[in-house]
Each structure stands twice: as structure tokens, then as C-alpha cells.
Amino acid sequence: MTSLFKSIPVRSSEITPKDTYLSRRDFMKAATVATGAALLAACAPTAADDLQNAKPVPTSDATDELGNVVNTYDDITNYNNYYEFTTDKSGVARLAKNFTTSPWTVEVSGLVNNPKTFGIEDLLKDFQQEERIYRLRCVEAWSMVIPWTGFSLASLLKIVEPTSDAKYVRFETVLRPEEMPGQGNRSYPWPYQEGLRLDEAMNELGFLATGLYGEPNVPQNGAPIRLVVPWKYGFKSIKSIVKIELVAEEPSTLWSAIQSNEYGFYANVNPNVDHPRWSQGSERRIGELSRRETLMFNGYDEQVAYLYDGMDLGQNF
Ligand SMILES: Nc1nc2c(c(=O)[nH]1)N[C@H]1C(S)=C(S)[C@@H](COP(=O)(O)O)O[C@H]1N2
Ligand SMILES: [Mo]
């Protein structure tokens, strides 16, 4: 088998702290807010404080390695799939606004020599945070380009030392129905679970995202920590993770438990294998008018195709 670690097709230098994301137009908006705050300050100090703390919306013309410009912060944070809150993509941001992301721990356990529960602050401090621009292709045939910050999944797995019996990695989202109204919907087997084969999980593209656009992650995008597996359909990129378990058998996943004929365990982006109800040959990039061709493995074939040598991807969809 070829090396597990292929070169990473990202241009991390493109990602810069929030201030440099500000376009001139947004800078002007921010300046207007500041002026308003100054005017208000004379009579209403608290309102002025709120306005001064209001963050301008970051924007960027950074691109991925294929030249795709990143989506706007506004698109990325207001068009979401997060069924624990709602199935309405434009409603997630509002419902998730007050979701508690601190304190937060991630238990890494199962078939490992060094099981460990990490506080989110340890994950931010002990793992070198880097920036990666990744394409996200939802199984529903829309897509975005997202500048994440975080660290490689492989680097975390190496610390806990999977045993030779470990063949798969299972991920679990927090179960907190009192804060997540969608978890009251009994048609779904909560908590959300996902899984990867261990060798897939060790591929250097696998990423645990803690931030977005140089800012800490926001609840609607899976704060404080979510998986990003850019060569697979978006539903594999599980949000708000509290548990990562090394196991011997292929784990059950939320979407294949509900509809195994439509959502398989592998879920690799593949323009040649259609969803039973729609074509996967093209996609709608949020913010664009015409459709784009969908790329094999979402354009990451050089990095990941070796993982599926000899597999029938029509059967293992
Ligand atoms: N826990 C959890 N993770 C989830 C989902 C979800 O409903 N719950 N939706 C998935 C789907 S279908 C997609 S396309 C991506 C969307 O990520 P984004 O909203 O950050 O763009 O999150 C994935 N992770
Ligand atoms: Mo999705």
C-alpha cells in the first residue's frame, strides 16, 4: 500500500486573522457602526457598548488549491445542516445561538493503549492549530468552500495509540435535548453517530475543526469541535463531538441506520454513483448561478484513492 500521508492540497497561507478578511466594503460598514456607537455613547452607554462589540462580518477572496474562492462567512454560518436543532437550514443559526460549548470534553477511548478525556482547551493548546481550505459537498448536491482552523485527526489518534484490534473509529455528537430541540424528534436515533475505517481516519486530510474564518467555531457549524472529511459527503463530518471510540467492527451511523439504501457507510463523493432519488453528477455551489460538475472524491482523489484500491464503489457507496 502507498504511504498513508499524502501531500495536503491546501494553501494555508491564504488564511489570515480576522482583520485581514475585512474587505473595504465591510470595513466601511464597521466604520459606520463605530460612528453610530460614538453618537449613542453620550446618552446610552450600554447600547453603545453592544454596538462597539458588534463584530463586522469577515470576508475573504482566499481560494482552495483548485482556485475556488471561499464562500462568505455569512453563507457558511447561515446555511447549515444540523438536525439536532432543526431540519430548516436557514433556521439552525438562530436556534443554536445559545448552545453551551464550554465546558466541553472529548473522550477518546475503546481499543487504545492510552485512553484519555481531553478538555477543549487542551485540544486547542496541545495540538498545533492550522488552517485548511476545504470543499464541502453535501449529499443533497449543494457545496461550499470553507476556511477551517483545527488539527489533523491522525495527530489525535496517534496520541491514544490504537491497538492492533482497532479497525474503525466511531464518533458521537453530544446528547442534550434540553438545548437541542431537534433531539425531541424521535424519528432519528440520537445521538448522531458517524464512523470511518481506521486507515481513512489516519489519512492526513481528516481534520478536527475548532474554528472558521480565523474565528472560534460557532454553534451552527459544530462548535466547539467537529470532524471534517472533505472527500466524503457532508453528513460524515459530524458536529459537536463528545466521544471518539476505536472499535473492531464497522460502527452504525445515523444516516445508514435510517436509510441504508440511500446513505452508506463509505459515502465517498462520487459523480458516477447516483443517489436513488437524484443525480450526484453535478452540484450547486452556494453563491453561484450555474451548476458545477462534481469531482471524484470531491477533487481529493490523489490523496485518498489508494484507500479504496480494489473496492467496488458502487456496492460500497
Ligand atoms: N451532529 C450532526 N453533524 C452533522 C449534521 C447533523 O445534522 N448533525 N449534518 C451533516 C451534514 S448533512 C452536513 S452537509 C454538514 C454541514 O456542515 P455545515 O453546516 O458546517 O456546513 O454537517 C454534517 N454534520
Ligand atoms: Mo449534508
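Both counts, for ligands and for their atoms, begin at 1 and track the order of listing.
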Next on the checklist: When you measure from the centre of the six-membered ring of Tyr82, is the NZ or CZ of Arg226 closer than 6.0 Å and no more than 45° off the axis?
Outcome noted: no

Item to check | Sole residue of Phe317, Trp255, Tyr233 in ring pair (Phe, Tyr, Trp, His ring centres under 6.0 Å) with Tyr263 | outcome: Trp255

Solution key, residues 245-254 side-chain donor-acceptor pairs under 3.5 Å, sequence neighbours excluded:
from   : atom 1 : to     : atom 2 : distance (Å)
Glu245 : OE1    : Arg170 : NH1    : 3.0
Thr253 : OG1    : Ser256 : N      : 3.4
Thr253 : OG1    : Ser256 : OG     : 2.3

Next on the checklist: Taking ring pair (Phe, Tyr, Trp, His ring centres under 6.0 Å) as the definition, give me every residue that meets it alongside Phe171, ordered by chain and number, with sequence neighbours left out.
Outcome noted: none

N/O contact list for ligand 1, threshold under 3.5 Å:
from     : atom 1 : to     : atom 2 : distance (Å)
ligand 1 : 1 (N)  : Glu84  : OE2    : 2.9
ligand 1 : 1 (N)  : Thr173 : OG1    : 3.0
ligand 1 : 3 (N)  : Lys239 : N      : 3.1
ligand 1 : 7 (O)  : Tyr83  : N      : 2.7
ligand 1 : 8 (N)  : Glu84  : OE1    : 2.8
ligand 1 : 9 (N)  : Asn81  : O      : 3.2
ligand 1 : 17 (O) : Arg226 : NH2    : 3.1
ligand 1 : 19 (O) : Asn80  : ND2    : 2.9
ligand 1 : 19 (O) : Lys239 : NZ     : 2.7
ligand 1 : 20 (O) : Asn221 : ND2    : 3.0
ligand 1 : 20 (O) : Arg226 : NH1    : 2.9
ligand 1 : 22 (O) : Arg226 : NH2    : 3.4
ligand 1 : 24 (N) : Ser237 : O      : 2.9

Next on the checklist: Applying side chain to side chain donor-acceptor pair (under 3.5 Å), can you list everything that pairs with Tyr266, at least two apart in sequence or on another chain?
Outcome noted: Arg197

Checklist entry - Does Ile133 reach the side chain of Ile146, with side-chain heavy atoms less than 4.5 Å apart? => result no

